[in-house]
Amino acid sequence: MAPTSTDNALVRVRGLHFGFGRRVIFDGMDLDLRRGQVTALMGPSGTGKTTLLRLIGGQYRPHRGSIAFDGQDVHRLSRAKLLELRKRMGIMFQNGALLTDLSVYENVAFPLREHTRLPESMIRDLVLLKLDAVGLRGARHLFPDQLSGGMARRVAMARAVALDPALVMYDEPLTGLDPISMGVAMRLIRTLNDALGLTSIIVSHDVPETLSISDYAYIVSNGKVVAAGTPEQVKSSGSEWAQQFLKGQPDGPVRFHYDNSDYGADLMRKALA
Amino acid sequence: MKKAIDILAEFLRGVGQAQYFLAATLAATPRALAKPHLIAQQIYSVGVLSMVITVISGMFIGMVLGLQGYRTLVGFGAEESLGVFVALVVVRELGPVVTALLFAGRAGSALTAEIGLMRATDQLSAMEMMAVDPMQRVVAPRFFAGFVAMPLLAAIFCVMAIGIAGGYAIGVELLGVDAGSYWSQIRAQVEMDDIWNGVVKSLVFGAVVSWIAVFQGYHAAPNSEGVSRATRNTVVMSSLAILALDFVLTAFMFKID
Ligand SMILES: Nc1ncnc2c1ncn2[C@@H]1O[C@H](COP(=O)(O)OP(=O)(O)O)[C@@H](O)[C@H]1O
Ligand SMILES: [Mg+2]
């Protein structure tokens with residue numbers, strides 16, 4: 001599909017405010033996903049990375065600010081237009097979210113069957129092509145409960161690109177994978193992006209692996225972007241916060257401990273009680 | 001007192017939410033019907049889940065009715081009325097009620113657990129993001145299948161119970177009931193109205209159990225504890241709803257007669 005906007009950002013997030021109840025998740029966040037690039041979004045668990053993907057997909061509505069996809073404001077579209085838009089986005093959920101009552105083959109065929117009227121022979125060609133790209137053509141008769149975590153995610157990747165979307169979103173594609181599967185998955189994301197001419201966003205907290213295949217990276221904390229740039233720029237970022245996150249240090253602006261009252265005082269209180 | 005008001009408010013909100021959900025399910029049903037293979041698959045799985053348990057329960061209830069009915073009726077010298085007694089009790093009451101209770105415990109709880117797990121593992125979210133409406137793809141076919149399957153299961157139950165009661169009283173125990181009079185009494189005395197009462201009850205119970213089951217599953221908290229709570233809610237709420245509605249419907253039907 002030809003881009004309807006000549007903007008070099010496929011997705012443009014501006015002044016995003018969002019929260020659950022009283023808990024603030026995004027507090028004025030700006031972010032661009034440039035066409036053809038792999039963008040990394042990194043931050044510790046619970047910063048709202050998954051929430052951002054759901055906001056881009058129109059599952060949640062921002063309290064303030066805007067998210068534009070290819071020049072269209074995602075949250076001002078009618079329901080029908082939003083559904084049309086979602087066909088141009090693929091998402092790989094954290095654990096794959098494969099439909100458990102369908103085989104691997106049928107999972108990848110699912111979006112094609114729902115949204116196209118292609119003949120069975122063509123669906124078969126497309127499904128096998130996508131499964132081959134993730135190296136699982138031979139596993140097409142298996143069911144999701146017969147797959148390892150890494151395989152399930154690769155099937156989810158094949159499903160995410162089944163409709164040849166413009167944007168693919170990967171939610172924690174590496175978490176829980178062994179080093180070999182991790183390498184395979186990372187290279188796969190890069191290859192799919194370049195071969196199919198996609199725009200990709202990877203949400204992750206596996207820093208070096210993610211940075212190694214990204215064109216651009218954002219580090220988020222407390223609802224805001226604290227560092228952004230090419231992987232090199234991010235690595236040498238002056239932000240204390242970004243440095244702590246990248247190096248995995250327990251001390252810094254982000255506390256490892258949830259309750260930051262003094263440990264010694266806590267022990268004393270117990271002794272006195 | 002404040003606590004009681006909170007609980008009441010919570011309950012009423014749940015009822016409102018469930019009504020809205022039913023409306024959304026019904027609105028999604030016509031489109032779901034456009035994919036009959038999905039409905040057929042659900043009727044099959046709901047039916048298969050409940051078939052064996054329905055048949056076995058029908059047999060045992062039939063045996064008990066044969067024995068109890070004969071012992072009671074023979075005291076009045078009215079054992080030839082056994083057929084009518086069994087048929088009316090089964091068609092008007094036990095068939096729909098017992099089948100619905102079994103259906104809630106077997107198929108209803110399974111529906112809730114299935115949909116709840118789909119919620120907990122992001123399958124429903126994934127569908128939404130693939131521009132597929134889970135109400136149409138998941139909820140409506142299951143609701144409709146439950147609605148259709150219940151009367152069929154109740155019919156199987158009735159046939160089993162009446163047949164076995166007769167067979168037991170006539171053949172196994174040699175209680176001395178005449179086979180000819182057992183069946184001719186049923187044919188002569190059971191009217192179309194009685195059968196309709198049973199069918200209406202089955203349809204109502206099927207719809208209510210399916211409604212509760214899909215609602216509980218869809219709104220289950222997305223974790224294992226949430227799914228187990230939702231499953232329990234389905235069984236408890238369905239059972240109470242069946243028994244309460246049975247009384248209301250019975251009272252109403254006797255008024256019409
Ligand atoms: N549906 C929800 N209702 C309430 N709180 C939520 C919901 N979804 C996520 N949260 C909270 O929002 C925060 C961000 O969640 P999430 O986006 O999943 O984080 P991440 O993906 O970065 O680990 C977490 O603290 C989480 O508990
Ligand atoms: Mg997450």
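Note on naming: letters A, B, ... go to the chains in the order of the sequence lines (proteins, then strands), and numbering restarts at 1 for each one. The analysis underlying the following values was restricted to heavy atoms, covering all of them including side chains, and did not include hydrogens, waters or symmetry mates.
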A.B. asks: Side-chain contact, heavy-atom cut-off 4.5 Å: M130(B) with L163(A)?
C.D. replies: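 SC-SC contact between M130(B) and L163(A) ruled out.
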A.B. asks: Check whether more than 12 heavy atoms from other residues, nucleotides or ligands sit under 6.0 Å from atom CZ of F20(A), and answer yes or no.
C.D. replies: yes
A.B. asks: Crowded around R124(A) CZ? As in, over 12 foreign heavy atoms under 6.0 Å?
C.D. replies: no
A.B. asks: Can you tell me how far CG of L124(B) sits from CG of L99(A), rounded to the nearest 0.5 angstrom?
C.D. replies: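 With rounding to 0.5 Å, CG (L99(A)) is 9.0 Å from CG (L124(B)).
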A.B. asks: I'd like to verify something: which residue of Q94(A), K87(A), H115(A) has the highest number of heavy-atom pairs under 4.5 Å with chain B?
C.D. replies: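 Looking at each option in turn, the highest pair count goes to H115(A).
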A.B. asks: State, to 0.1 Å, how close N95(A) and T121(B) come at their nearest heavy-atom pair, and which atoms those are.
C.D. replies: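 It is OD1-O, 3.9 Å.
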A.B. asks: Looking at every heavy atom in both A126(B) and R159(A), which two are closest together, and how far apart are they?
C.D. replies: CB-NH2, 3.7 Å
A.B. asks: Measure across S125(B) and Q59(A) and return the closest heavy-atom pair with its distance rounded to 0.1 Å.
C.D. replies: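 Nearest heavy atoms, S125(B) then Q59(A): O-NE2, 3.3 Å.
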A.B. asks: Would you call E114(A)-K35(B) a salt bridge at under 4.0 Å N-O?
C.D. replies: yes
A.B. asks: Output the option from M118(B), M127(B), R137(B) having the highest count of non-hydrogen pairs under 4.5 Å with chain A.
C.D. replies: R137(B)
A.B. asks: Does CE in M182(A) sit with more than 12 non-hydrogen atoms of other residues, nucleotides or ligands closer than 6.0 Å?
C.D. replies: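 Above 12, so yes.
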A.B. asks: Pick one of side chain, backbone, both or neither for L82(A), based on which atoms fall under 4.5 Å of a heavy atom in chain B.
C.D. replies: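 No part of L82(A) comes within 4.5 Å of chain B.
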A.B. asks: Kindly compute the distance separating CD1 (I91(A)) from CD (E128(B)), expressed to the nearest 0.5 Å.
C.D. replies: 11.0 Å
A.B. asks: At a heavy-atom distance under 4.5 Å, which candidate from E84(A), M169(A), R54(A) has the highest pair count against chain B?
C.D. replies: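 The answer is R54(A).
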A.B. asks: Is it the case that atom CZ in R113(A) sees more than 12 heavy atoms from other parts of the structure closer than 6.0 Å?
C.D. replies: yes
